[in-house]
Amino acid sequence: AQSVAQPEDQVNVAEGNPLTVKCTYSVSGNPYLFWYVQYPNRGLQFLLKYITGDNLVKGSYGFEAEFNKSQTSFHLKKPSALVSDSALYFCAVRDIGSSASKIIFGSGTRLSIRP
Amino acid sequence: ETGVTQTPRHLVMGMTNKKSLKCEQHLGHNAMYWYKQSAKKPLELMFVYNFKEQTENNSVPSRFSPECPNSSHLFLHLHTLQPEDSALYLCASSQDGQGLSGNTIYFGEGSWLTVV
């Protein structure tokens, strides 16, 4: 069975500092991994995904994520946080080893950037 | 403009009412989804339609009835709901259903439902 975990409910970072939002996963085969962002009263917006290739994936708004197979992680990062990055972030995984698998979303991490 | 449009954005309904949520996607996708987002709970997949055929019903109560007349439109018909059904209902689409692909799922802005 596949699963995804976001161990932190909330992450607080000062503007201008680097930020990391953590995500770990469990799959039986190889994963497809996704990050989404949700601003208040909005739907989820796609940020980036890892399918294959380079472990470092670059996405929208200056975000990037690194696929680490040995640690089964896909942490979201940004070198310099902006107040406008404050939002709810979701990691998602799909196990490509199973044709019947769904995309599973994590419980979300609220990112708060203080001025 | 997300490419997936949901109406209404907000809906308040009584427990005996019948209402519908509508979703339209302008992305040329073949798969459409309904998700439920409640406070402090993970995103819940409700239904999946692939090429207008329902391929997933995630044990959703029958008071929620989906309809997919074509690949661009998806409805969620609501009848005799309970207060605990109050949530944000998100429609989404992707190029195809959740098969062997890494196709990205694109979400609409959501419909806030309050059952009183």
Side-chain angles (χ1 to χ4, degrees), chain A residues 1-10 23 25 27-54 57 59-60 65 67 74 87-110, chain B residues 1-10 21 23-25 27 29 31-50 55-60 87-114:
Chain A
Q2 62 186 46
S3 65
V4 60
Q6 294 181 244
E8 301 156 315
D9 289 338
Q10 174 120 8
C23 173
Y25 66 89
V27 296
S28 57
N30 289 315
Y32 289 147
L33 293 155
F34 305 80
W35 275 103
Y36 287 82
V37 60
Q38 186 177 31
Y39 298 102
N41 301 315
R42 306 290 295 276
L44 275 68
Q45 293 181 34
F46 169 71
L47 274 180
L48 52 81
K49 68 180 178 183
Y50 171 81
I51 301 298
T52 186
D54 286 344
V57 179
S60 306
F67 170 60
F74 190 57
L88 189 57
Y89 290 80
F90 291 93
C91 181
V93 66
R94 189 173 165 271
D95 183 356
I96 61 174
S98 168
S99 62
S101 71
K102 315 168 193 177
I103 291 180
I104 302 295
F105 285 83
S107 55
T109 297
R110 189 163 300 281
Chain B
E1 183 72 39
T2 65
V4 180
T5 305
Q6 291 187 240
T7 55
R9 293 293 316 278
H10 298 271
L21 305 181
C23 178
E24 182 176 0
Q25 58 95 0
L27 301 170
H29 290 164
M32 296 189 75
Y33 311 78
W34 279 116
Y35 283 86
K36 177 183 179 182
Q37 186 178 25
S38 305
K40 307 209 183 281
K41 292 177 74 174
L43 205 59
E44 300 173 53
L45 177 64
M46 300 175 71
F47 302 103
V48 181
Y49 278 81
N50 201 21
T55 55
E56 183 91 27
N57 178 337
N58 203 20
S59 302
V60 181
L88 178 65
Y89 289 84
L90 291 163
C91 176
S93 71
S94 66
Q95 185 59 46
D96 56 37
Q98 300 189 81
L100 294 173
S101 73
N103 288 327
T104 300
I105 293 179
Y106 293 93
F107 287 83
E109 296 290 314
S111 292
W112 284 99
L113 173 66
T114 302

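Chain A is the first sequence line, chain B the second, and so forth, proteins listed ahead of strands; every chain is numbered from 1.
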Segment of Gln6(A) engaging chain B (4.5 angstrom heavy-atom cut-off): neither

Can you sort out the partners of Glu44(B) under salt bridge (charged side-chain N to carboxylate O under 4.0 Å, His left out), two or more places apart, ordered by chain and number? Lys41(B)

Indicate the atoms forming the closest heavy-atom contact of Thr104(B) with Tyr36(A), along with that distance. CG2-OH, 3.7 Å

Can you say whether Tyr50(A) sits under 4.5 Å from chain B via the side chain, the backbone, both, or neither, judging by heavy atoms? neither

Honestly, the part of Gln6(B) sitting under 4.5 Å from a heavy atom of chain A is neither

Any chance you could measure Phe105(A), atom CZ, to Gln37(B), atom CD, to the nearest 0.5 Å? 10.0 Å

Rounded to the nearest 0.5 Å, what's the gap from CD1 on Ile105(B) to CZ on Arg94(A)? Could you check? 9.5 Å

Quick check on Asn41(A) against chain B: is it the side chain, the backbone, both or neither that has a heavy atom closer than 4.5 Å? both

Looking only at heavy atoms and a cut-off of under 4.5 Å, which of Leu33(A), Asp9(A), Leu44(A) has the most pairs with chain B? Leu44(A)

